[in-house]
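What follows is a set of notes on a single structure, which appears directly below.
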Amino acid sequence: MPRFLWVPAGIAFALIALPVVGLVLRTDLTRLPELLLSRASLSALRLSLVTAAVSTLLCIALGGPLAVVLARGRLPGMQFLRSVVLLPLVLPPVVGGLALLYLVGRTGLVGQGLELAFGITVPFTTGAVVLAQTFVALPFLVVSLEGALRTAGQRYESVAATLGASPWLAFRRVTVPLVLPGLLSGAVLAFARCLGEFGATIAFAGSLEGTTRTLPLLVYLARESDVDAAVALSLLLVVVAVVVIAVARPRAVLS
Amino acid sequence: MPRFLWVPAGIAFALIALPVVGLVLRTDLTRLPELLLSRASLSALRLSLVTAAVSTLLCIALGGPLAVVLARGRLPGMQFLRSVVLLPLVLPPVVGGLALLYLVGRTGLVGQGLELAFGITVPFTTGAVVLAQTFVALPFLVVSLEGALRTAGQRYESVAATLGASPWLAFRRVTVPLVLPGLLSGAVLAFARCLGEFGATIAFAGSLEGTTRTLPLLVYLARESDVDAAVALSLLLVVVAVVVIAVARPRAVLS
Amino acid sequence: MSTGVEACFVVRRPAFTLDVALSAAPGEVLAVLGPNGAGKSTLLGVLAGLLRPDEGSVRVGERVVTDTAAGVHVPPHLRGVGLLAQQALLFPHLTARDNIAFGPRAHGVPRREARARADELLAGVDATALGDRRPSQMSGGQQQRVALARALAPEPGLLLLDEPLAALDVDATPAMRGLLRRVIREAKQTAVLVTHSALDALVLADRVVVLTAGRVVEEGPVREVLARPRSAFTARIAGLDLVPGVRDGAGLRTPDGLLVSGRAEGVEPGEAAVAVFPPSAVAVHATRPTGSPRNVLPVRLAAIEPRGDVVRLRAGAVPGGPVWVEGLAADVTPAAVADLAVEPGDDLWFAVKATEVAIHAAG
Amino acid sequence: MSTGVEACFVVRRPAFTLDVALSAAPGEVLAVLGPNGAGKSTLLGVLAGLLRPDEGSVRVGERVVTDTAAGVHVPPHLRGVGLLAQQALLFPHLTARDNIAFGPRAHGVPRREARARADELLAGVDATALGDRRPSQMSGGQQQRVALARALAPEPGLLLLDEPLAALDVDATPAMRGLLRRVIREAKQTAVLVTHSALDALVLADRVVVLTAGRVVEEGPVREVLARPRSAFTARIAGLDLVPGVRDGAGLRTPDGLLVSGRAEGVEPGEAAVAVFPPSAVAVHATRPTGSPRNVLPVRLAAIEPRGDVVRLRAGAVPGGPVWVEGLAADVTPAAVADLAVEPGDDLWFAVKATEVAIHAAG
Amino acid sequence: EPGPGARTLTVFAASSLTDVFTELEARFEAAEPGVDVVLNYGASSDLAQQLVNGGPADVFASASTATMTTVVDAGLLDGEPTVFARNRLEIVTAPGNPEGITGFADLARPDLQVVVCAPQVPCGAAVEKIETATGITLAPVSEEPDVRSTLGRVTTGNADAGLVYVTDVASAGGAVEGIAFPEADQAVTDYPIAVLASAPQAELARAWTALVTGADGRAVLADAGFVGAP
Ligand SMILES: Nc1ncnc2c1ncn2[C@@H]1O[C@H](COP(=O)(O)OP(=O)(O)OP(=O)(O)O)[C@@H](O)[C@H]1O
Ligand SMILES: Nc1ncnc2c1ncn2[C@@H]1O[C@H](COP(=O)(O)OP(=O)(O)OP(=O)(O)O)[C@@H](O)[C@H]1O
Ligand code: MOO
Ligand SMILES: [Mg+2]
Ligand SMILES: [Mg+2]
């Protein structure tokens, strides 16, 4: 590795770390316990963790196969499909939330159907939070995993086939273990994105304490009355994320 | 590739595409030209494209080396550094913007220094938009590229060294071409994230037509008074993103 | 359960066209010889189903697995065809044992049984100590051994082997060759074997196909093709004399009861065997020689074939003498021919030292 | 500009320890022989600087490039050491030509010149047609050739070659060996050569090191080590007789003016050469034989060495006869020894057919 | 924990009402045992979109009449909206007013970094009205999408002055100094409240509206700096 890469790398790292350090320094630590242990914070934290976890699993379950199809499938117009997958990244999250609302809201195309068929209303439920998070986080998982699948190539899958393994077996026992680092970093990205998701959630799921008010929504609300509280709550989010990621990441390196 | 993966892949694709299709269907096409060709839209579009492009280049210039250091460097606590890099993902963008403001704002640690030394004020300038976008988009580039670097491994770099290539030459002529697909998909992710960036920009750079009001900010504002206009403008954003990505992507596949 | 194979196809590439027709009967081993870049690996890829030919068809057993005209292309894992590719490509995330057990597991063999089979094969390739190692923890030759074991483990109806004995050390080569022989010859396994060694072809194969620049230039029983090479490449790769019989003590007993002395490699007394030696090792005498050469054979000179800077003397049988000398070759220098002043029809003695004769189990 | 190398180090792995001391003088070629997993590739990795030993030091030329005690570890690209690894590992994004030109370019050779050198080397490895191909468009053997050319291109002070002649076809092997010889012997290139072939060692190397299970078990001039093997492995890999001289017409002229007939490979008349033949090809006679063997040498039996199922007869010089027969070996069966009823001190004739004698340019 | 037969009242409220409504929630729940008030705070326009798309609310309290009109036009209301509070702009500066700003006209000084709300949001609409009325055009460095952002610019010292609501100045405590100016009276923002036609808890909804518009509500609103309803 060329030595002088440390210089831009250091700048990049500072660009990320210094603002966060600044936040920490600004925080009035004596008020922290009171802020973080309030009922509202704890409930938002619990909700954030649960929804982010469920959404990440959904991203893996749905986005994983989509990445495989994009990396291995032979379909005309694949290039176009690949661009479409990136849309949630570009769409301002609030607009994304509106789009979901139009589609799955009570008056929406799918929403009406769901209500008629099953009596289910999606918006303003925890399910809506999960849906909003999954929508915005899916591209992260898909793009990371597709890259890993392309880099890994199909050589080992071919070897498995010549040993008599069906595509499904080869997928489970060869492809998945080989791209596990890529899958895990994709999942970490998706989880982080879910944890920080705000715009789509507030537009689609609303901000109801205990049901849809995740930590970022609480931060937003706290900002209305008390900026310092908002900053303190963001730090809680940061700490939670770093802990979860530090727990999840080492496996990526081991495998 | 196991056939039945098409089913979850199809669901994932629908989850992304249907809301967007819903948006398109809702749009009053007759109003589009008027909306999109307004001075405000055109100026926002231009600003968005320019800042997203510059920020993406900055992400490559700074995040690229950071990814290399994270993937190849041997430093105690690398795992921790790696988690820190993900912070901008987790931090609600508005809080990220606040953090930048605290640091680089007029009263901030770095900001004061800049003002004293060079008479530069960063907030409310186009530079602030670029800084905000770079801050939020860096992790995308770093994580994608680090994954690609890990997958590519160091074997070819070793070969280059035994042929007498210095680390810098090996980096340019071997490492970079080999991870080009990963770099490009990281850059596409970063570009898309820059294009859609709202929260950090509004909190740090402000919102002034021609200087700091990018397309997402315009969409956000428009939605306050005219939701249909906001939706139409988002679609403009979507179209621009798809075009830019479709132009940038094929190279990733060819190489 | 072993299956035959029949293939006739064309693969077109920018600067290369592979256009072949070949077949192997059930239980037959077909060797494929040819220079670098002749299309041998490409051929195996098509048979395995990893490559689709541009035209043509492949039949494995009763089943048409590729037919471009009919749009048939059975995927590799449903062909019952195993492939040992030129590069080891061991699964990097699995131990040697799990790499070998992968195939049996894919065929539904229970885990315990699959691992037992893997351990057996590990012992077979002399790599028992490597069972728990990952590929990154093995040397090049060790990886090659494990790859060989992995390819053999699922016992496919048709086995394709691309240079299975490359990268092995001098100790390992005969041992691995012996293992292959047991697995593919004794089990009547249909196999297609790419090799650069005439000895491998002689020991392991029934028939041989010689490929040059994408075309079959020669084809037939191994001994015939190598004995009467029609292409320059075959001529260079061939050049071994071969006597069939049964191993007996320190040598090989021919059907007519004569003993050919030699060094037995991996063959038990009483087993069918061949004695193999290079024509360059055959000394030619006008009178019966005395001395160390143990094998002194009366022959009647059938032909004198100049080839480059040596002359090949081709033997016929002497009336009353052993008939199996027919076709044996001796390579001598032109000066030696001049000295001996021989011509076809003359009776001569072919002498071969026992140490030059390798006795292998019969192909 | 060629540099010597001196190394003494220990590499420890869970189930393996490499503990060696070796050196090569400037311009010397050192062959490394040993079974699979002996540590040959690991050794080259340490010399190239890709692996750090657990203990010990490496000196290249005047420079200490590794010294664990002093914490010295010069990175690979500053060592002036080139490595051809066991796996080709061609850069997948570059054409064959650009792969080869990579090294010269890294050393500052202008693009045009580097490409010219690459084209020259492409011709040398008989791969001119592959210049514009990417590795994925080449066969296994073609990749190996290009990898060899790439390793030779930068003309490093010390060249490390890990089985450079594996995966090549019968046509290519002698040609590549000839190329290597020109490049490393004639240019007085210091080199360490890992090989499984005694012939490669004899033709290309001055000295040999035999490695078994991570330790040097034998070491010395190639001919001496192979002639008097002390380990089982060396005994099996060795077993070639060698006569030095100068090529002359159809054979080799020894210093005392005698002619050894043989087949010359890549050596011009008048050039220094060695005649090489396997002891198993030597026929032993009590009286001077007549017949096709062109080379009939008077020897006085120096020793009888039983080795497994053959007996090696070691030659000494007959007073007044050629002195270079000293040390030549003939492998014969025990039965033949019994027949001849010889014992040390007896005068005998060693007969070798010219077709069994290969004449190579001298190492 | 609400016991059996517990009822839930869902209130969609503009986020600028967070403090006031959270205070009123406590009073309401104390007065009506077994009732759980669930507050959904958001930008008024987002809330209106949610309602138009079937959001299940009993009461909607908006920070602008324009957004309320969206809901009225969609025919979602039970009755007419009532204006329950009004808000007025004030100039906000750093404590001690270091730049010596005395009135609206000072904001046009070229040496000042001034921030205002964008015209698309109520507080920005008010600025626009004042500009038209006075003929003074400001050259702000930023037009913020909501009033909290505008306030934040001044509290963090990145802008010299801004135009925010009186309520915002009050909530910021001593971090800023508010300067009232007479032209502000020409652009007062109305906060309307209404019960939805589809309200599952219409009765409770009316009770909530009564609380907000009643004496208690006015007191809390006044504490926060709101001007009483006309
Ligand atoms: N992707 C490709 N594009 C173009 N030509 C190719 C491609 N792959 C292989 N070739 C060419 O096809 C020919 C046949 O290659 P193949 O690998 O079958 O040779 P082979 O007989 O196995 O040689 P070897 O003994 O070196 O392994 C070669 O000349 C090679 O250069
Ligand atoms: N990463 C590793 N961890 C543990 N053991 C290893 C590792 N890499 C190699 N080995 C072991 O080290 C020994 C030496 O390996 P090396 O590759 O040097 O052998 P080699 O002499 O080159 O063999 P070959 O002829 O097969 O190429 C082998 O026994 C191998 O199993
Ligand atoms: O909620 Mo607002 O956006 O104060 O009008
Ligand atoms: Mg091949
Ligand atoms: Mg090796």
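Residue numbers begin at 1 in each chain, while the letters A, B, ... track the order of the sequences.
- Heavy atoms closer than 4.5 Å to chain C are found nowhere in D:A286, neither backbone nor side chain.
- Contact of D:A129 with chain C is not made at all, since no heavy-atom distance falls under 4.5 Å.
- Residue C:A351: no heavy atom, backbone or side chain, is found under 4.5 Å from chain D.
- Your options are D:E356, D:K40, D:M138, and the one with the most heavy-atom pairs under 4.5 Å with chain C is D:E356.
- Contacts between D:R133 and chain C at a heavy-atom distance below 4.5 Å involve the side chain alone, from C-beta outward.
- Between C:K353 and D:V332 the shortest heavy-atom distance is NZ-CG1, 3.9 Å.
- Taking CD from C:Q137 and CZ from D:R13, the interatomic distance works out to 9.0 Å, rounded to the nearest 0.5 Å.
- When every heavy atom of D:G37 is checked against every heavy atom of C:S139, the shortest pair comes out as N-OG, 3.3 Å.
- Among C:R145, C:Q144, C:Q143, the single residue meeting the side-chain hydrogen bond (donor to acceptor under 3.5 Å, both in side chains) criterion with D:N36 is C:R145.
- Both the backbone and the side chain of C:T355 come within contact range of chain D, judged by heavy atoms closer than 4.5 Å.
- One distance of note links CZ of D:F277 with OG of C:S280; it measures 13.0 Å at 0.5 Å rounding.
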